[in-house]
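Below is one structure, written out as structure tokens, with a few remarks after it.
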Amino acid sequence: MAHILSAVAWPYANGPRHLGHVAGFGVPSDVFSRYMRMAGHEVLMVSGTDEHGTPILIQADKEGTTARELADRNNRIIVEELAALGCSYDLFTRTTTANHYAVAQELFRQVHANGYMVERTTRGAISPSTGRTLPDRYIEGTCPYCGYAEARGDQCDSCGNQLDPTELIEPRSRINGETPQFVETQHFFLDLPALADALAAWLDEREASGTWRPNVIRFSRNILQDIKPRAMTRDIDWGIPVPLEGWEDQPTKRLYVWFDAVIGYLSASIEWARRLGEPERWREWWNDPEALSYYFMGKDNITFHSQIWPAELLGYAGRGERGGEPGAYGDLTLPTEVVSSEFLTMEGKQFSSSRGVVIYLRDVLERYQVDALRYFICAAGPENSDSDFTWREFVSRTNGELVAGWGNLVNRTASMIAKSFGEIPAPGERTDVDEALLATVRAGFDTVGGLIARHRQRQAVGEAMRVVGEVNKYVTDTAPFKLKGEDERERLATVLHTAAQAVWCCNTLLAPFLPHSANAVHRTLGGDGDLMPMPRVVEVEDLDDGHPYPIITGEYSTTPPWAFTDVPVGAPVAKPTPIFTKLDDSVVEEELARLRGEDA
RNA sequence: GGCGGGGUAGCUCAGUAGGUCAGAGCGCACGACUCAUAAUCGUGAGGUCGCGGGUUCGAUCCCCGCCCCCGCUACCA
């Protein structure tokens, strides 16, 4: 048994999440966490909404509200949709808690004290009317190379040249059109070069473990090549104050949103322990060198998890070339594995809320079964390369695999049992066919479990479905529906018991992927209550400042073991109702019309 | 431009440290069966494994060149 930190990327609180988001981090992290709990490990799964940064501020301005109000609203939306998806967080919180502020400031202070946070004067663009940093992306103007009038400050979309915003002809703010001011400004830089050797040593060790996905480790090594100090503060009035004398009171200097967002993994762990009433409990996942940590995210986040976050941890511990010592949190463990997904596209195009190429999670959850979506993501998600979501494939996988394959197996098995016995029958003597099926099912636990542990969920779910296929074949071959004679009664009982036993176990194999329907199947076969625990949304108050907000949490100690368990002989089985809903082909056209903006 | 990923049956993809490696699922055709949401089971057709060279007894898998698609390129998160 190990302590496993399941660290899930923090969704940015600028609106509801779309399928690309949950395919990248939501579902994979939940499958992994649920499986690890079933396998007997002590899992701590944390995340929250990331609420600082320029985009939220701008959007709030646009809507005539405050950043805080906007964050409150979007936090609630995201909490509700992730809970509905069944993501079993121990704590899903947010970056605007007093606890998070304190933890982020503690890290900054110690990294600074250890000498890895250096002050520098830089030239940057600010908005003259607000004094806020104007990120390169928010400046546009005429490209000096090709004359394109709407080049962005970081890159020209027309000719592809990389730009410096000062090169733009007639630069203007994309936010309000004003001319940006290029000013000298003081910022703190994380001295990544001073931590580069330590980072490289850590990556060497991680690479040697052989478990990282190849593209992730390669990319991480790559960005280590020309590593430079990176600014960790911004001129902005929305964020965490810089906890140093002379800086604290400056209303326009704040920590860079990415500096604080990754600290959320630690602060959420601490908040979880505090809410539990055992405030030091988080240390089991963070101070024990044997503890394992897995970070789930989309590939656009790799830099922050395989470089910035480990650098912050190394700097905090004083493990760079300048030495130093750990702060109050002690020596914190670096990521065991950065598990990055690729991107999900949508009918061949990249998701884009602004261009309307988007399917929001909540819309899907409103119209379709949550496990149908989870199934699609597990079976066809962007695990090792980009993958495409199409409504046609969604319908075809749901109908062909979930409904006709798995759901129908449950249904035909339960129907026959209900009709012939009304309860799970006790088996008579088993034949070779029966034993062979049970052996196949038993072997499934090692195979499927091993694949999930290695983050090969597509193959894992495929393997589980292959076992389902074997059970369907068994039912067809043994043809219990033909065993009608009184002298065949015992054989019938044996066959139906074996089928029920196999379905019972397949349900366990599929439970990390399909937790909601696992509960339905469980009851169909006479099980008591829920098989898989579900997260719940709880209204809480900030532990330090009383601000109310919703969290996702749960009691997962009742998680069933990842093992062959006996189907309850004698448990009543009634005529079943189908677990999964078959989708009409018209869904495809309907949804495509919706995408085109026609109301269906 | 740089870095990375990918181009394998109609579709979605797996695969080989080079020699039963030409595969799976879906779709299609045919057959079996009827317990089940017309679900299930079996059989079959189908591909010069992006293009051109090279190394080798032998390459889809290694090397070189080329074409095409996609992503990232670090102060948006």
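Labels below follow one simple rule: chain letters A, B, ... track the order of the sequence lines, proteins then strands, and each chain is numbered from 1. Keep in mind it's a predicted model, so treat the numbers as computed, not measured.
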- Taking atom types as they are modelled, is there a donor-acceptor pair under 3.5 Å from the base of B:C26 to the side chain of A:R397? no
- Message: Whether the side chain of A:N408 and the base of B:A36 hold a donor-acceptor pair under 3.5 Å is what I'd like checked.
- Response: yes
Atom [atom1] of [X] to atom [atom2] of [N]: distance rounded to whole Å?
| X | N | atom1 | atom2 | value |
| --- | --- | --- | --- | --- |
| A:F219 | B:U73 | CZ | P | 7 Å |
| A:I308 | B:C75 | CD1 | C1' | 10 Å |
| A:I223 | B:G2 | CD1 | C1' | 15 Å |
| A:M297 | B:C72 | CE | C1' | 15 Å |
| A:R466 | B:A14 | CZ | C1' | 14 Å |
| A:I417 | B:A36 | CD1 | C1' | 13 Å |
| A:E342 | B:C72 | CD | P | 10 Å |
| A:D585 | B:U37 | CG | P | 19 Å |

When rounded to the nearest Å, what value does the distance between [atom1] atoms of [N] and [M] take?
| N | M | atom1 | result |
| --- | --- | --- | --- |
| B:G23 | B:C63 | P | 25 Å |
| B:C70 | B:G31 | C1' | 43 Å |
| B:C51 | B:C61 | P | 11 Å |
| B:G50 | B:A14 | P | 14 Å |
| B:G42 | B:C33 | C1' | 10 Å |
| B:G27 | B:U12 | P | 15 Å |
| B:C41 | B:G4 | C1' | 45 Å |
| B:G10 | B:G19 | P | 26 Å |

- Message: Strictly below 4.0 Å: does A:K419 bring a side-chain N or O up to OP1 or OP2 of B:A36?
- Response: yes
- Does OP1 or OP2 of B:C76 have a side-chain N or O of A:Y256 closer than 4.0 Å? no
Closest approach to the side chain of [X], judged atom by atom: which nucleotide of [options] is it?
| X | options | result |
| --- | --- | --- |
| A:N411 | B:G71, B:A77, B:A36 | B:A36 |
| A:K582 | B:C35, B:U37, B:U34 | B:U37 |
| A:K473 | B:A77, B:U12, B:G42 | B:G42 |
| A:S415 | B:A36, B:U40, B:A74 | B:A36 |
| A:K299 | B:C3, B:C13, B:G71 | B:G71 |
| A:K484 | B:A77, B:C41, B:C35 | B:C35 |
| A:N472 | B:U12, B:A77, B:U40 | B:U40 |
| A:F481 | B:U12, B:U37, B:C33 | B:C33 |
| A:F343 | B:C41, B:G71, B:A39 | B:G71 |
| A:N222 | B:C3, B:A39, B:A77 | B:C3 |

With a 4.0 Å cut-off on heavy atoms, is [X] in touch with a base, just the backbone sugar-phosphate, or nothing at all?
| X | result |
| --- | --- |
| A:D388 | nothing |
| A:G469 | sugar-phosphate |
| A:I56 | nothing |
| A:W10 | nothing |
| A:P55 | sugar-phosphate |
| A:V257 | sugar-phosphate |
| A:R456 | sugar-phosphate |
| A:Q307 | base |
| A:A231 | base |
| A:R234 | base |

- Task: Fill in the dot-bracket string of RNA chain B, one character per base: . for unpaired, | for a pair to another strand, ( ) or [ ] for pairs within the strand, taking Watson-Crick or G-U pairs under 3.5 Å.
- Result: (((((((..((((.....[...)))).(((((.......))))).....(((((..]....))))))))))))....
- Please report the closest heavy-atom contact between A:I579 and A:Q369, naming both atoms and the distance. O-NE2, 3.0 Å
- Note on the structure: Between A:R17 and A:P11, the two heavy atoms sitting closest are CD-CB, 3.7 Å
Within the distance-only criterion (no hydrogens, no angle test), does the side chain of [X] pair as donor or acceptor with the backbone N or O of [Y] below 3.5 angstrom?
| X | Y | result |
| --- | --- | --- |
| A:T447 | A:A443 | yes |
| A:D191 | A:M117 | no |
| A:E591 | A:V587 | no |

Is the distance from the ring center of [X] to that of [Y] below 6.0 Å?
| X | Y | answer |
| --- | --- | --- |
| A:Y375 | A:F513 | no |
| A:Y368 | A:W391 | yes |
| A:F188 | A:Y256 | no |
| A:Y265 | A:H305 | yes |

- Toward the 5' end of RNA chain B, which comes first, A:R230 or A:S396, by nearest nucleotide? A:S396
- Message: Would B:G7 be called syn or anti here, given the cut-off of 90° from 0?
- Response: anti
Please table the atom pairs, donor to acceptor, closer than 3.5 Å between any side-chain atom in residues 491-500 of chain A and protein atoms at least two apart or in another chain.
unit_1, atom_1, unit_2, atom_2, d
A:R491, NH1, A:D434, OD2, 2.7
A:R491, NH2, A:D434, OD1, 3.1
A:T494, OG1, A:G428, N, 2.8
A:T494, OG1, A:E490, O, 2.9
A:T498, OG1, A:T494, O, 2.7

- Item | Contacts of A:H187 that satisfy side-chain contact (heavy atoms from CB on, under 4.5 Å) - sequence neighbours left out | A:T122, A:T185, A:F189, A:T233, A:D235, A:K253
